[in-house]
Amino acid sequence: MSFPLLTATAALPAIGAIATAAVPAARRTAAKWLALLVSLATLALAIAVLVRFDPDGARYQLTESHAWIADFGVRYELGVDGIGVALLALTALLIPFIILAGWHDADPLETGSKRWRPTQGFFALILAVEAMVIISFEATDVFLFYIFFEAMLIPMYFLIGGFGDRAHAGSDEKAAAQRSYAAVKFLLYNLVGGLIMLAAVIGLYVVAGNFSLQEIAEARANGSLDMATNTERWLFLGFFFAFAVKAPLWPLHTWLPNAMGEATAPVAVLITAVVDKVGTFAMLRFCLQLFPEASKWATPAILVLAVISIIYGALLAVGQRDIKRLVAYASISHFGFIIMGIFAMTSQGQSGATLYMVNHGISTAALMLVAGFLISRRGSRLIADYGGVQKVAPVLAGTFLIGGLATLSLPGLAPFVSEFLVLVGTFARYPVIGIIATFGIVLAALYTLVLYQRTMTGPVKPELSAMPDLRARELLVVAPLVVLLIFLGVYPKPVTDIVNPAVKSTMSDVHKKDPKPEVEAAK
């Protein structure tokens, strides 16, 4: 029996979470180091998955299949395609940086304070989220995917509600109420989406007789499973609604600014760079593969919602006074690009969308983590409380600028390639949607450069005159992300080579071919 590499990749952080939580309360530093070592070991396993994955091989590789709940046709089935393996690697890559960036975020607020925060619990919850996200990218049994798609809400709820950012460290009841509101809103939105999806999962079982993604997709392809048109559409909507909440797509997005604003910066990165990717990934893996005709039927409406997300998120980012909420609204705009690329139904659009998921994770992590370091020094999230930072902390200001330029998709940085592919793929089939979406790029330049100008340039605020620059630990977090942004901006081929075969398979699932370019005949 071959080594169950996919199971090990998900099980290691789960076991690490239990071990970290069990560390004695007096040994907080030991718990941090244990969590970091577990995350690095998980990254090593993810690299092993990448090495063993053959882009030109079978669609799903490193597969595992075992009986689980036989009476209901539920199996423990895992497998990764190019899209899943890319996002698995992204998750395993970001978690060590998240842990390092949050090294002191769960320390006691003050000596002798009754408002003690369990350090072990903070890092254990991060590892628990990592385990659940990884197995979501690996699951090829619909019911197995659903369990972990929902289960990850619990540790995220406690991370948002139980650990506020340093800007609120000195406040008490009001800050606690705001965190509680954000956590409950996050949970309720996603639970409602999950309950609707559960009804659709049950309906799928009634129609198909099992939960195996590959078996159902094969039956759809060869005609042995013929869903009624209305049935397929209702099931598609049940799945898509849950994924759109997680993504988040307008108008189901309102939980994200609250959650990112009240969470610590590393947890905010965990939300938007890791957890939210499960929603867009699932649109590709489940919506398009299980319900191809319904996906094409819903495409016009979804594209309209996506382009609204792009413009709406960017406009609200322009008007923000809170640094973290600005990044949150920018992410809503970026997720609009990702969803637009998925449902453009072109290979360029879907390749760009998958690459965008990876690049957005890296760029958002870089920008938000540097913003977190900035906020921890000043104790405020308000843009107006900053100014002249580049004169007292030039390295911090420089890395903040690179993260911001990546967010606006500057050529030469990783998100540019993915955004370009998404727009090209959309123009090819839906030129009006592509034209409107382009205005999101202009707005991105506006909110990013205004943010930098107001916080980093101009005269130094008196409260910032003694602000320290990035420390060694913080540089260790930011420097690799900056290197990746530049490397993938110049040479994205390692990622595109992995995801393109999976995208071709997805295009085949929905029976779509790229439109031929219209060339006017020479006169």
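- A distance-only check finds a donor-acceptor pair linking the side chain of Lys246 to the backbone of Phe149 [under 3.5 Å].
- Applying the salt bridge (charged side-chain N to carboxylate O under 4.0 Å, His left out) test to Arg52 and every residue at least two apart in sequence or in another chain returns nothing.
- Side-chain N or O atoms of Glu64 include one that pairs as donor or acceptor with a backbone N or O of Leu6 at under 3.5 Å.
- Using cut-offs of 30° and 60° for the angle between ring planes, the Tyr329 and Tyr312 rings count as perpendicular.
- For Asp141, the salt bridge (charged side-chain N to carboxylate O under 4.0 Å, His left out) test picks out no residue, with sequence neighbours left out.
- Between Phe335 and His360, the angle of the ring planes goes over 60°, which puts this pair in the perpendicular group of the 30/60° scheme.
- Legend: side chain to side chain donor-acceptor pair (under 3.5 Å) pairs involving residues 197-217, not counting sequence neighbours, sorted by first then second residue: Glu77-Ser212.
- Put simply, the side chain of Gln61 never gets that close to the backbone of Phe53: no donor and acceptor are under 3.5 Å apart.
- No donor-acceptor distance shorter than 3.5 angstrom exists from the side chain of Thr20 to the backbone of Ala124, with no hydrogens or angles considered.
- Sorted by first and then second residue, the side chain to side chain donor-acceptor pair (under 3.5 Å) pairs with a member in residues 283-311 read Arg59-Gln289, Tyr60-Gln289, Asp81-Arg285, Glu293-Lys296; sequence neighbours excluded.
- Scored by the salt bridge (charged side-chain N to carboxylate O under 4.0 Å, His left out) test, Glu218 finds no partners at all (sequence neighbours excluded).
- Put simply, the side chain of Thr272 never gets that close to the backbone of Val269: no donor and acceptor are under 3.5 Å apart.
- Scanning both residues, Gln350 and Ile342, for their nearest heavy atoms gives NE2-O, 3.1 Å.
- A 6.0 Å sphere centred on CH2 of Trp33 holds no more than 12 heavy atoms belonging to other residues, nucleotides or ligands.
- Few gaps surround CZ on Phe97; more than 12 heavy atoms of other groups in view lie less than 6.0 Å from it.
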Side-chain polar contacts of residues 488-506 - donor-acceptor pairs under 3.5 angstrom, sequence neighbours left out - could you list them?
residue	atom	partner	partner atom	Å
Lys493	NZ	Asp497	OD2	2.7
Thr496	OG1	Pro492	O	3.4
Thr496	OG1	Lys493	O	3.1
Asn500	OD1	Ser351	OG	2.7
Asn500	ND2	Thr496	O	3.2
Ser505	OG	Pro501	O	3.3
Thr506	OG1	Ala502	O	3.0

